[in-house]
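What follows is a short report on a single structure.
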Amino acid sequence: MTISVILPAKNEAGGLDRTLPALNACLPGVEIIVVDDGSTDDTAAIATAHGATVLSSPYSMGNGAAIKRGARAAKGDILVFMDADGQHDPACIDALLAKLDEGYDMVVGARDWSGQAGVHRGAANAFYNWLASRMTGFDVKDLTSGFRVVRADKFREFIHLLPNGFSYPTTSTMAFFRSAYAVAYLPIPVAKRLGKSHIRPLRDGVRFLLIIFKIATLYSPLKLFAPAAGLFFLTALGYYAYTFVTQGRFTNMSALLFSASVIVFLIGLVSEQITALTYRRDD
């Protein structure tokens with residue numbers, strides 16, 4: 001089995017200068033692809049100097065877009081994704097690959113609380129992990145970790161689902177669970193990143209909020225829509241009981257709430273069928 005290591009990088013010259021030598025020492029001779037996402041520093045030059053294949057973009061397309069470009073270009077049977085900012089230790093790759101050999105299709109490096117970038121990010125990731133665990137029925141240790149090894153053929157099945165932004169780990173993980181591919185988590189240490197983070201709390205906070213809904217819709221939309229429909233129905237029933245007792249009539253608001261519960265449930269039902277078609281394989 002051949003291995004390709006893919007590192008999305010945007011202005012990560014400092015991180016690459018530390019990561020690539022360690023990577024070459026741990027996995028000599030493997031294909032290393034650095035996807036330069038519109039960097040304005042020496043990212044491409046540093047990567048080339050350390051023997052990596054560089055895929056450069058004339059402008060920034062996003063972390064997910066870099067992952068997709070790297071996955072399409074990679075020649076290996078196994079894909080290793082890791083950050084270029086120096087947070088991920090290449091020495092951990094052997095342990096992830098060993099876990100993959102146990103029969104898994106994806107192995108994710110799971111961070112503990114000390115590996116989170118701040119209290120707010122840690123709390124948000126803990127909530128994502130809890131929600132994903134409830135949705136899938138599996139113990140999701142780290143939904144948003146970018147350090148993972150996957151079987152290339154299975155990962156490429158879901159490239160069309162991956163967003164161009166920062167939520168590619170969430171999307172790929174939920175897609176693997178939805179398709180009954182085996183996923184494992186392995187604890188890893190995380191160092192402090194070099195350089196400035198590209199996460200913006202306000203802008204990306206809204207995007208990460210949408211991840212919550214994406215988690216549900218990627219795996220089983222009805223698990224999101226059915227409770228919402230039930231809430232509308234119970235509200236309608238309660239309001240009808242109140243107006244019947246106090247006014248002796250069925251109001252327009254009760255009719256609207258009952259209608260809303262039916263509509264929301266039907267939307268969830270249709271979404272469930274669309275999701276099933278999205279993951280359908282004809283081969």
Side-chain angles (χ1 to χ4, degrees), residues 5-8 15 19 62-64 66-67 71 78-151 154-155 158 161-163 165-193 197-199 201 204-205 207-219:
V5 183
I6 300 168
L7 300 94
T19 301
N63 181 263
I67 289 293
I78 303 297
L79 304 181
V80 179
F81 299 107
M82 60 186 298
D83 292 345
D85 55 18
Q87 289 190 92
H88 298 152
D89 185 358
C92 296
I93 295 177
D94 282 341
L96 296 176
L97 292 173
K99 190 69 175 178
L100 195 75
D101 285 340
E102 295 179 12
Y104 292 97
D105 299 300
M106 174 189 287
V107 179
V108 182
R111 301 160 293 181
D112 59 16
W113 185 265
S114 64
Q116 303 292 337
V119 175
H120 293 90
R121 287 282 300 280
N125 286 336
F127 178 73
Y128 299 152
N129 296 341
W130 172 82
L131 180 61
S133 298
R134 291 292 300 271
M135 292 296 300
T136 62
F138 295 92
D139 186 12
V140 178
K141 299 292 188 182
D142 194 344
L143 186 65
T144 60
S145 172
F147 194 12
R148 55 188 60 206
V149 299
V150 301
R151 301 191 185 278
K154 292 180 171 59
F155 184 82
F158 310 114
L161 293 177
L162 303 183
F166 277 100
S167 61
Y168 105 84
T170 300
T171 306
S172 60
T173 299
M174 298 305 290
F176 267 63
F177 278 127
R178 182 66 172 78
S179 297
Y181 288 144
V183 179
Y185 288 87
L186 199 67
I188 58 165
V190 178
K192 184 177 180 181
R193 68 164 283 127
S197 173
H198 303 299
I199 299 291
D204 293 309
R207 293 181 183 178
F208 285 137
L209 183 63
L210 294 177
I211 291 177
I212 296 173
F213 298 101
K214 180 176 287 189
I215 290 171
T217 54
L218 273 175
Y219 194 79

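Model, not experiment: these values are computed from the prediction. One is the number of the first residue; the rest follow in order along the sequence.
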Can you name the nearest heavy-atom pair linking Asn63 to Pro8, along with the distance? ND2-CG, 3.5 Å
Between Thr173 and Met106, does a side chain to side chain contact (heavy atoms under 4.5 Å, CB included) hold up when you go through it step by step? CA-CA 8 Å; Thr173 299; Met106 174 189 287; 4.2 Å; yes
Can you tell me how far apart CD1 (Ile93) and CD1 (Ile188) are? Round to the nearest 0.5 Å. 10.5 Å
Straight-line distance of His88 NE2 to Ser145 OG, nearest 0.5 Å: 5.0 Å
Side chain to side chain contact (heavy atoms under 4.5 Å, CB included) test vs Val150 passes for just one of Leu79, Val183, Val108, namely Leu79
Minimal non-hydrogen separation, Gly64 against Tyr168, with atom names: CA-CB, 4.1 Å
Would you name the heavy atoms of Leu100 and Arg151 that are closest together and state the gap between them? O-NH2, 3.0 Å
Side chain to side chain contact (heavy atoms under 4.5 Å, CB included) evaluation trace for Tyr128 with Thr144: CA-CA 8 Å; Tyr128 299 152; Thr144 60; 4.0 Å; yes
How long is the gap from CG on Asp101 to CD1 on Ile78, to the nearest 0.5 Å? 7.5 Å
Measure the spacing between OG1 of Thr171 and CZ of Arg178 and express it to the nearest 0.5 Å. 14.5 Å
Please confirm whether the backbone N or O of Val140 pairs with a side-chain atom of Ser133, one donor and one acceptor, at under 3.5 Å? yes
To the nearest 0.5 angstrom, please state how far the CG atom of Asp89 sits from the CE atom of Met82. 7.5 Å
Could you grab the distance from atom OG1 of Thr19 to atom CG of Asp85, nearest 0.5 Å is fine? 7.0 Å
Applying side chain to side chain contact (heavy atoms under 4.5 Å, CB included), run through Phe81 and Ser172 and close with a yes or a no. CA-CA 12 Å; Phe81 299 107; Ser172 60; over 6 Å; no
Which label fits Phe176 and Phe155: parallel for a plane angle under 30°, tilted from 30 to 60°, or perpendicular past 60°? tilted
Strictly distance-based, threshold 3.5 Å: is any side-chain N or O of Arg148 a donor or acceptor partner for the main-chain N or O of Leu96? no
